[in-house]
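To keep things clear, I will list the structure first and then write my remarks on it.
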Amino acid sequence: RPALLAALLLGGFVEGAAWLVERTLVARGVVYRPPAVGDYDAYLRQRDPLLGWPLRAPDARRDASGSRIVPAAPDASAPACLSLYGDSFTFGEEVAPEAAWGNLLAQRLGCRVANFGVGAYGSDQALLRFEANRADRAPLILLGHMAENVARNVNQFRGFLFASAALRLKPRFVLGEGDALTLIPPPDLSRAEYERMLH
(Lines give C-alpha, C1' and ligand atoms only; values in the text may rest on other atoms or scores of the structure.)
Protein backbone atom coordinates (compact mmCIF):
# COMPACT_ATOMS: atom_id res chain seq x y z
CA ARG A 1 0.00 0.00 0.00
CA PRO A 2 2.76 2.57 0.66
CA ALA A 3 4.14 1.80 -2.83
CA LEU A 4 0.69 2.33 -4.39
CA LEU A 5 0.25 5.62 -2.53
CA ALA A 6 3.71 6.77 -3.64
CA ALA A 7 2.92 5.83 -7.26
CA LEU A 8 -0.36 7.77 -7.12
CA LEU A 9 1.35 10.82 -5.65
CA LEU A 10 4.13 10.66 -8.24
CA GLY A 11 1.59 10.24 -11.04
CA GLY A 12 -0.42 13.22 -9.77
CA PHE A 13 2.73 15.35 -9.56
CA VAL A 14 3.83 14.40 -13.10
CA GLU A 15 0.33 15.04 -14.46
CA GLY A 16 0.14 18.44 -12.76
CA ALA A 17 3.60 19.43 -13.98
CA ALA A 18 2.74 18.36 -17.54
CA TRP A 19 -0.46 20.41 -17.38
CA LEU A 20 1.45 23.52 -16.26
CA VAL A 21 4.13 23.07 -18.95
CA GLU A 22 1.47 22.58 -21.65
CA ARG A 23 -0.42 25.72 -20.56
CA THR A 24 2.80 27.74 -20.58
CA LEU A 25 3.77 26.50 -24.05
CA VAL A 26 0.29 27.24 -25.42
CA ALA A 27 0.36 30.75 -23.92
CA ARG A 28 3.74 31.39 -25.59
CA GLY A 29 2.58 30.08 -28.94
CA VAL A 30 4.92 27.06 -28.93
CA VAL A 31 2.11 24.51 -28.83
CA TYR A 32 -0.96 25.01 -31.01
CA ARG A 33 -4.37 24.72 -29.39
CA PRO A 34 -7.30 25.51 -31.69
CA PRO A 35 -9.37 28.44 -30.45
CA ALA A 36 -12.96 27.89 -29.45
CA VAL A 37 -15.22 28.42 -32.44
CA GLY A 38 -17.60 30.50 -30.36
CA ASP A 39 -20.20 32.48 -32.24
CA TYR A 40 -18.65 32.24 -35.70
CA ASP A 41 -21.74 33.70 -37.37
CA ALA A 42 -21.47 36.84 -35.20
CA TYR A 43 -17.79 37.08 -36.12
CA LEU A 44 -18.66 36.97 -39.83
CA ARG A 45 -21.18 39.79 -39.39
CA GLN A 46 -18.73 41.99 -37.49
CA ARG A 47 -15.44 41.44 -39.31
CA ASP A 48 -14.02 43.92 -41.76
CA PRO A 49 -14.44 42.28 -45.19
CA LEU A 50 -11.15 43.68 -46.52
CA LEU A 51 -8.87 43.81 -43.48
CA GLY A 52 -10.24 41.05 -41.25
CA TRP A 53 -10.09 43.26 -38.18
CA PRO A 54 -10.74 45.63 -36.48
CA LEU A 55 -14.28 44.45 -36.04
CA ARG A 56 -17.05 46.92 -36.81
CA ALA A 57 -17.80 47.45 -33.12
CA PRO A 58 -17.07 50.94 -31.71
CA ASP A 59 -13.63 51.43 -30.13
CA ALA A 60 -13.43 54.05 -27.37
CA ARG A 61 -9.68 54.38 -27.99
CA ARG A 62 -10.27 55.86 -31.48
CA ASP A 63 -11.70 59.16 -32.63
CA ALA A 64 -14.22 59.81 -35.42
CA SER A 65 -11.51 59.56 -38.11
CA GLY A 66 -10.50 56.06 -36.98
CA SER A 67 -7.20 57.31 -35.56
CA ARG A 68 -6.12 56.57 -32.04
CA ILE A 69 -7.15 59.50 -29.84
CA VAL A 70 -4.42 62.16 -30.06
CA PRO A 71 -4.51 64.22 -26.84
CA ALA A 72 -2.00 66.73 -28.29
CA ALA A 73 -4.37 67.41 -31.23
CA PRO A 74 -7.82 66.03 -30.30
CA ASP A 75 -9.81 67.55 -33.19
CA ALA A 76 -10.41 64.54 -35.49
CA SER A 77 -11.45 66.86 -38.33
CA ALA A 78 -8.17 68.81 -38.27
CA PRO A 79 -5.72 67.92 -41.05
CA ALA A 80 -2.85 65.66 -40.02
CA CYS A 81 0.73 66.47 -40.96
CA LEU A 82 1.65 62.78 -40.62
CA SER A 83 -0.29 59.52 -40.53
CA LEU A 84 0.92 56.27 -39.00
CA TYR A 85 -0.11 52.79 -40.14
CA GLY A 86 1.10 49.51 -38.66
CA ASP A 87 0.62 47.10 -35.78
CA SER A 88 0.41 47.37 -31.98
CA PHE A 89 3.86 48.98 -31.81
CA THR A 90 2.63 51.74 -34.11
CA PHE A 91 -0.59 52.06 -32.09
CA GLY A 92 1.28 52.06 -28.76
CA GLU A 93 -0.87 49.26 -27.37
CA GLU A 94 0.66 49.09 -23.89
CA VAL A 95 0.56 52.77 -23.00
CA ALA A 96 -2.05 55.45 -22.38
CA PRO A 97 -2.92 57.81 -25.28
CA GLU A 98 -0.76 60.58 -23.76
CA ALA A 99 2.33 58.31 -23.79
CA ALA A 100 1.82 56.81 -27.27
CA TRP A 101 4.74 57.75 -29.50
CA GLY A 102 2.38 59.16 -32.14
CA ASN A 103 1.03 61.62 -29.58
CA LEU A 104 4.53 62.51 -28.38
CA LEU A 105 5.51 63.15 -31.99
CA ALA A 106 2.44 65.38 -32.42
CA GLN A 107 3.59 67.41 -29.41
CA ARG A 108 7.08 67.84 -30.87
CA LEU A 109 5.90 68.66 -34.37
CA GLY A 110 3.10 70.93 -33.22
CA CYS A 111 0.56 69.29 -35.53
CA ARG A 112 -1.85 66.38 -35.58
CA VAL A 113 -0.29 62.93 -36.08
CA ALA A 114 -3.08 60.48 -36.95
CA ASN A 115 -2.38 56.97 -35.66
CA PHE A 116 -4.16 54.22 -37.61
CA GLY A 117 -2.12 51.35 -36.13
CA VAL A 118 -4.01 48.13 -35.31
CA GLY A 119 -2.84 45.35 -33.02
CA ALA A 120 -1.46 42.19 -34.69
CA TYR A 121 -1.48 43.72 -38.18
CA GLY A 122 0.89 42.57 -40.85
CA SER A 123 2.42 45.09 -43.24
CA ASP A 124 -0.12 43.89 -45.80
CA GLN A 125 -3.08 44.92 -43.65
CA ALA A 126 -1.44 48.25 -42.77
CA LEU A 127 -0.96 49.00 -46.48
CA LEU A 128 -4.56 48.03 -47.27
CA ARG A 129 -5.85 50.17 -44.38
CA PHE A 130 -3.91 53.13 -45.79
CA GLU A 131 -5.21 52.57 -49.33
CA ALA A 132 -8.81 52.24 -48.10
CA ASN A 133 -8.66 55.34 -45.90
CA ARG A 134 -9.80 57.90 -48.50
CA ALA A 135 -10.31 60.57 -45.82
CA ASP A 136 -6.60 60.56 -44.88
CA ARG A 137 -5.03 63.60 -46.56
CA ALA A 138 -1.76 63.70 -44.62
CA PRO A 139 1.18 64.73 -46.83
CA LEU A 140 3.47 62.22 -45.12
CA ILE A 141 2.67 58.57 -44.34
CA LEU A 142 4.70 56.25 -42.13
CA LEU A 143 4.14 52.51 -42.60
CA GLY A 144 5.46 50.64 -39.57
CA HIS A 145 7.19 47.31 -40.21
CA MET A 146 9.13 44.88 -38.06
CA ALA A 147 10.73 41.52 -38.79
CA GLU A 148 7.83 39.63 -37.16
CA ASN A 149 5.58 40.98 -39.91
CA VAL A 150 7.20 38.66 -42.45
CA ALA A 151 5.42 35.70 -40.82
CA ARG A 152 2.21 37.73 -40.50
CA ASN A 153 2.32 38.69 -44.17
CA VAL A 154 2.27 35.11 -45.47
CA ASN A 155 -0.36 33.92 -42.99
CA GLN A 156 -4.15 34.28 -43.13
CA PHE A 157 -5.08 32.80 -39.74
CA ARG A 158 -3.75 34.60 -36.66
CA GLY A 159 -4.17 31.50 -34.50
CA PHE A 160 -1.41 29.67 -36.39
CA LEU A 161 1.12 32.31 -35.36
CA PHE A 162 0.15 33.02 -31.78
CA ALA A 163 -2.21 31.40 -29.32
CA SER A 164 -5.37 33.45 -29.23
CA ALA A 165 -8.99 32.88 -28.40
CA ALA A 166 -9.95 35.51 -30.97
CA LEU A 167 -11.25 34.54 -34.40
CA ARG A 168 -8.97 36.39 -36.79
CA LEU A 169 -8.76 35.73 -40.53
CA LYS A 170 -6.86 38.19 -42.72
CA PRO A 171 -5.92 38.97 -46.31
CA ARG A 172 -2.46 38.49 -47.77
CA PHE A 173 -0.58 39.29 -50.94
CA VAL A 174 1.24 36.92 -53.29
CA LEU A 175 3.93 37.94 -55.72
CA GLY A 176 2.73 37.39 -59.29
CA GLU A 177 4.07 37.89 -62.77
CA GLY A 178 6.22 40.95 -63.29
CA ASP A 179 6.60 41.30 -59.51
CA ALA A 180 2.98 42.47 -59.22
CA LEU A 181 1.24 41.93 -55.89
CA THR A 182 -2.04 40.02 -56.04
CA LEU A 183 -4.44 40.39 -53.14
CA ILE A 184 -5.83 37.18 -51.61
CA PRO A 185 -8.85 38.31 -49.53
CA PRO A 186 -9.62 36.92 -46.07
CA PRO A 187 -10.96 33.36 -46.31
CA ASP A 188 -14.75 33.29 -46.64
CA LEU A 189 -15.45 30.05 -44.78
CA SER A 190 -18.67 28.53 -43.59
CA ARG A 191 -18.80 27.53 -39.94
CA ALA A 192 -18.23 23.86 -40.89
CA GLU A 193 -15.23 24.79 -43.08
CA TYR A 194 -13.77 26.91 -40.28
CA GLU A 195 -14.12 24.05 -37.79
CA ARG A 196 -12.40 21.67 -40.25
CA MET A 197 -9.55 24.15 -40.71
CA LEU A 198 -8.98 24.38 -36.95
CA HIS A 199 -8.64 20.63 -36.53
Side-chain angles (χ1 to χ4, degrees), residues 1-62 68 86-101 115 117-126 128-129 144-175 184-199:
R1 297 220 175 200
L4 178 60
L5 182 59
L8 288 173
L9 288 173
L10 179 62
F13 173 78
V14 169
E15 186 67 27
W19 178 80
L20 283 173
V21 168
E22 190 260 349
R23 280 185 58 121
T24 301
L25 293 177
V26 166
R28 294 186 179 187
V30 176
V31 172
Y32 173 70
R33 176 184 289 161
V37 174
D39 193 346
Y40 186 66
D41 296 326
Y43 162 74
L44 290 178
R45 288 191 302 274
Q46 293 177 10
R47 73 174 177 168
D48 185 293
L50 174 65
L51 303 170
W53 65 90
L55 301 181
R56 296 179 195 186
D59 185 345
R61 301 176 303 170
R62 297 188 182 275
R68 181 173 190 169
D87 58 15
S88 59
F89 290 98
T90 301
F91 184 81
E93 190 73 49
E94 296 181 358
V95 297
E98 296 76 19
W101 68 271
N115 185 340
V118 178
Y121 258 20
S123 309
D124 47 7
Q125 288 167 292
L128 289 167
R129 185 171 173 87
H145 176 80
M146 55 185 224
E148 182 180 322
N149 288 1
V150 173
R152 293 177 183 179
N153 293 345
V154 298
N155 182 296
Q156 287 196 281
F157 175 51
R158 174 77 175 147
F160 286 150
L161 292 180
F162 194 79
S164 172
L167 300 172
R168 290 194 176 176
L169 298 172
K170 64 177 282 295
R172 66 180 286 240
F173 287 103
V174 294
L175 195 59
I184 309 297
D188 190 17
L189 305 174
S190 68
R191 183 186 182 91
E193 288 169 331
Y194 183 74
E195 289 176 348
R196 279 199 303 276
M197 182 191 78
L198 292 181
H199 302 288

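In what follows, every heavy atom counts, from backbone to side chain, and hydrogens, waters and symmetry copies are set aside. Along the sequence shown, residues carry numbers from 1.
Side-chain atoms of E195 do not come within 3.5 Å of backbone N or O of A192 as any donor-acceptor pair. In this structure a side-chain-to-backbone donor-acceptor pair under 3.5 Å is missing from W53 to V118. Between the side chain of K170 and the main chain of N155, a donor-acceptor pair closer than 3.5 Å is present. Remark: side-chain polar atoms of Y121 are not paired, donor with acceptor, to backbone N or O of N149 under 3.5 angstrom. A side-chain donor-acceptor contact under 3.5 Å links Q156 to the backbone of P185.
Contact record, N115 with R62: O-NH1, 3.7 Å, taken as the closest heavy-atom pair. Among all heavy-atom pairs drawn from G52 and P186, the shortest one is N-CG, 4.3 Å. Nearest heavy atoms, W101 versus F89: NE1-O, 2.9 Å. Of all heavy-atom pairs between L51 and P171, the closest is O-CD, 3.4 Å. For the residue pair D188 and R47, the shortest heavy atom distance occurs at OD1-NH2, 3.3 Å. When all heavy atoms of R168 and G119 are compared, the pair lying nearest together is NH1-O, 4.0 Å.
L5 contributes atom CG, which lies 11.0 Å from atom CG of L10 (distance to the nearest 0.5 angstrom). Once rounded to the nearest 0.5 Å, the distance linking CG of L44 with CG of L189 reads 8.5 Å. Taking OG1 of T90 as the reference point, atom CE of M146 lies at 9.0 Å (rounded to 0.5 Å). Note that CG of D124 is 8.5 Å distant from CZ of R172, once rounded to the nearest 0.5 Å.
The number of heavy atoms from other shown groups lying within 6.0 Å of CZ (R23) does not exceed 12.
Ring pair F157/Y194 is perpendicular by interplanar angle, where above 60° counts as perpendicular and below 30° as parallel.
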Problem set entry | Residue pair D48, R129: steps toward the side-chain contact (heavy atoms from CB on, under 4.5 Å) verdict | CA-CA 11 Å; D48 185 293; R129 185 171 173 87; 6.0 Å; no
For this session: With side-chain contact (heavy atoms from CB on, under 4.5 Å) as the test, would you mind laying out the steps for L169 and Y43 before giving the verdict?
Result: CA-CA 10 Å; L169 298 172; Y43 162 74; 3.6 Å; yes
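For residues 144-154, the pairs satisfying salt bridge (Lys or Arg N to Asp or Glu O under 4.0 Å) are D87-R152, E148-R152, with sequence neighbours left out.
In this structure, R68 is positioned above the aromatic face of F91, its NZ or CZ under 6.0 Å from the six-membered ring centre and within 45° of the axis.
In terms of the side chain to side chain donor-acceptor pair (under 3.5 Å) criterion, S88 has no residue partners (sequence neighbours excluded).
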